[in-house]
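As a basis for the values below, the full set of heavy atoms in this structure was taken, side chains included, without hydrogen atoms, waters or symmetry mates.
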Amino acid sequence: MTVRVRFAPSPTGSLHIGSVRTTLYNYFFARQNGGKLILRIEDTDQDRLVAGAIDSIYDGLAWLGMKWDEGPREGGPHAPYIQSERLPLYQKHAQQLVDVGGAYFCFCSKERLAALRAQQAARKEITRYDGLCRRIDPKEAADRAKTESHVVRQKVPDDGIIALDDLVYGHVEWPLSALEDQVLLKSDGFPTYHLAVVVDDHVMGITHVLRGEDWLPSTPKHLLIWRAFGWTIPPHAHVPNVLGPDGKKLSKRHGATKVEEFRAQGYLPAAMVNYLALIGWASGTEEEVFSLDELIQRWRIDHVHRAGGKWDRARLDWFNGVYIRKLTPDGLLTELEPFLPPEWDRAVVRKAIPLIQERMRTLVEGRDMIAFLFSDQVPLDRSVLVGKKHQPEEIERALSQSAVVLRYLDPFTSSGIEHGLRGIADDLDWKVKDATEPIRVAVTGKTEGPPLWESLELLGKEKTLARIERAEELLNGGGPS
RNA sequence: GGCCCGUUCGUCUAGCGGCCUAGGAUGCAGCCCUCUCAAGGCUGAGAUCACCGGUUCGAAUCCGGUACGGGCUACCA
């Protein structure tokens, strides 16, 4: 039997990091078993639809490097793959469930339901449906259903126990008495998630249900549906949540949560994939840098951790640095491209790459590191320029001596610059870094960054001298402040 | 409140009864390298394995309870 798994996002916004992690696990599982991957859009809540969400899901998954076999745009034997386009299927199955006694029509208004809940809450009782419509004679109910607004509710047996042997969590069981009669088909004719997943998973031949931990509590409802239809229940695996720093499910409150945000911040897809895969799974060895293909090979469902894992930006940053350093210089240039202002000379950027590649953790950081090469608007702060070791007059003198040496340098190359500047330090009897620091600040506005000699060469003699001059003026009391 | 799940260094995790005086990574600190910052190398601090009981010759690992955290509890997914 070929493995068939699905990822089933709902188009309520752009792709969330947490669903990406779950999707990744589905992806690994499908690929390592030579199985098929199905993308199914679960848009049964018409109120929560967000325009453009499907595009963003496609964009995000494609950016991450995931490819799938069946889906809304690629089609497949079970099209359509958008639940809102499969309504008759769910309606038919809801009816079937009513026929076999697994569900019933309910005519209670939302008002009555709300009032019921309020009363129960006031009495500090469990708030759940009271089963009023369960007692209506089926024939009468069927008649009323022809004209009256109604929903279809699941008929949960009064007692007994239902259990699941989860591939990750092991044996889990629920007392049926704790479950309420869930709505399966809404009055607008749309199914709820519970009906739609089960029907689609069965009809689409899904062999393994792999989804987030938050679905575990509603699994007994699904199990009951599978059972009522008399279908074979596929193995289920729930995977732990991705948490925010406070231990709660990762959400916008915690900052960036969407793939596109991380993309915009200059993270590489390979780093995202690698880092994300490691929240909730470990190889069991001491390796942890894995490509997508390696993850497909190495990932094992039985090595999935049960506890939720917190999102750790610092660790992501480290992974991103690792992947940036793995790039070829031209590869890095390509990755950098979307972040570069159009007017920046790409030939210069290309030459700067070896200077920044091992220093940057994100593409944005890399771009910022070389911005001084293209803009004369470098910030200049007098106290930063002077530093702590020397008097302003001494710094000014060092600067002007350096300028003299630099001015007569021809050609203006990094080795010449190095030689000249080291000479200045010697003359001054300063440490090289002390003589070098004011120049770095004058030219880049910062105390840290790419190596100076090469940076100056790239900047060129004219601009270098102009900026040093500007710094001298600042120390003179005149000039820019 | 009810049901379910979870709990090993700050963080991600290894660990599936003896190899654990608990390993790796990240982060942090220090040293080396060095024109700065990184990268790289080395070193270090950091976990009474939530707690209490039990099983066992032996428990981070098995069982029970407690505490704490989380998820779910909608005509949301």
Under 3.5 Å, N/O pairs linking protein and nucleotides 21-23 of chain B:
{"from": "B/G23", "atom 1": "O2'", "to": "A/Glu286", "atom 2": "OE2", "distance (Å)": "2.7"}

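Counting any heavy atom pair closer than 4.0 Å across all strands shown, A/Pro240 reaches no nucleic acid atom. Within the nucleic acid shown, A/Glu173 comes within 4.0 Å of sugar-phosphate atoms alone, with no base atom in reach, counting heavy atoms only. Across all strands, A/Gln182 comes closer than 4.0 Å to no nucleic acid atom at all (heavy-atom distances). Among the heavy atoms of the strands lying under 4.0 Å from A/Val151 is at least one base atom, whether or not backbone atoms are also near. In this structure, A/Lys248 reaches the sugar-phosphate backbone alone: every heavy-atom distance under 4.0 Å involves primed, P, OP1 or OP2 atoms, never a base. Counting non-hydrogen atoms under 4.0 angstrom, A/Arg361 reaches nothing in the nucleic acid.
The base of B/C75 is paired with the side chain of A/Ser187 by a donor and an acceptor separated by under 3.5 Å. Counting atom types as modelled, A/Arg422 pairs no side-chain N or O with a base atom of B/C35 as donor and acceptor under 3.5 Å. Judged by atom type and distance alone, A/Arg48 reaches the base of B/C76 through a side-chain donor-acceptor pair under 3.5 Å. No N or O donor and acceptor, one from the side chain of A/Arg315 and one from the base of B/U13, sit under 3.5 Å apart.
When only modelled atom types and interatomic distance are considered, A/Ser84 and A/Asp43 share a side-chain donor-acceptor pair under 3.5 Å. Side-chain N/O atoms of A/Gln83 and A/Asp200 include a donor and acceptor closer than 3.5 Å.
Close to B/A74, at under 4.0 Å from its OP1 or OP2, lies no side-chain N or O of A/His194. The phosphate of B/C4 has neither OP1 nor OP2 within less than 4.0 Å of any side-chain N or O from A/Trp174. Phosphate contact (OP1/OP2 of B/C5, side-chain N/O of A/Arg306, threshold under 4.0 Å): absent.
Here the shortest heavy-atom pairing between A/Trp226 and A/Pro234 reads CH2-CD, 3.4 Å.
Under the 6.0 Å distance and 45° angle rule, A/Arg144 counts as a cation-pi partner of A/Phe107.
A salt bridge links A/Asp158 with A/Arg134: the distance from a Lys NZ or Arg NE/NH1/NH2 to an Asp or Glu carboxylate oxygen falls below 4.0 Å.
Taking atom CG of A/Asp434 as the reference point, atom P of B/U34 lies 16 Å away to the nearest angstrom.
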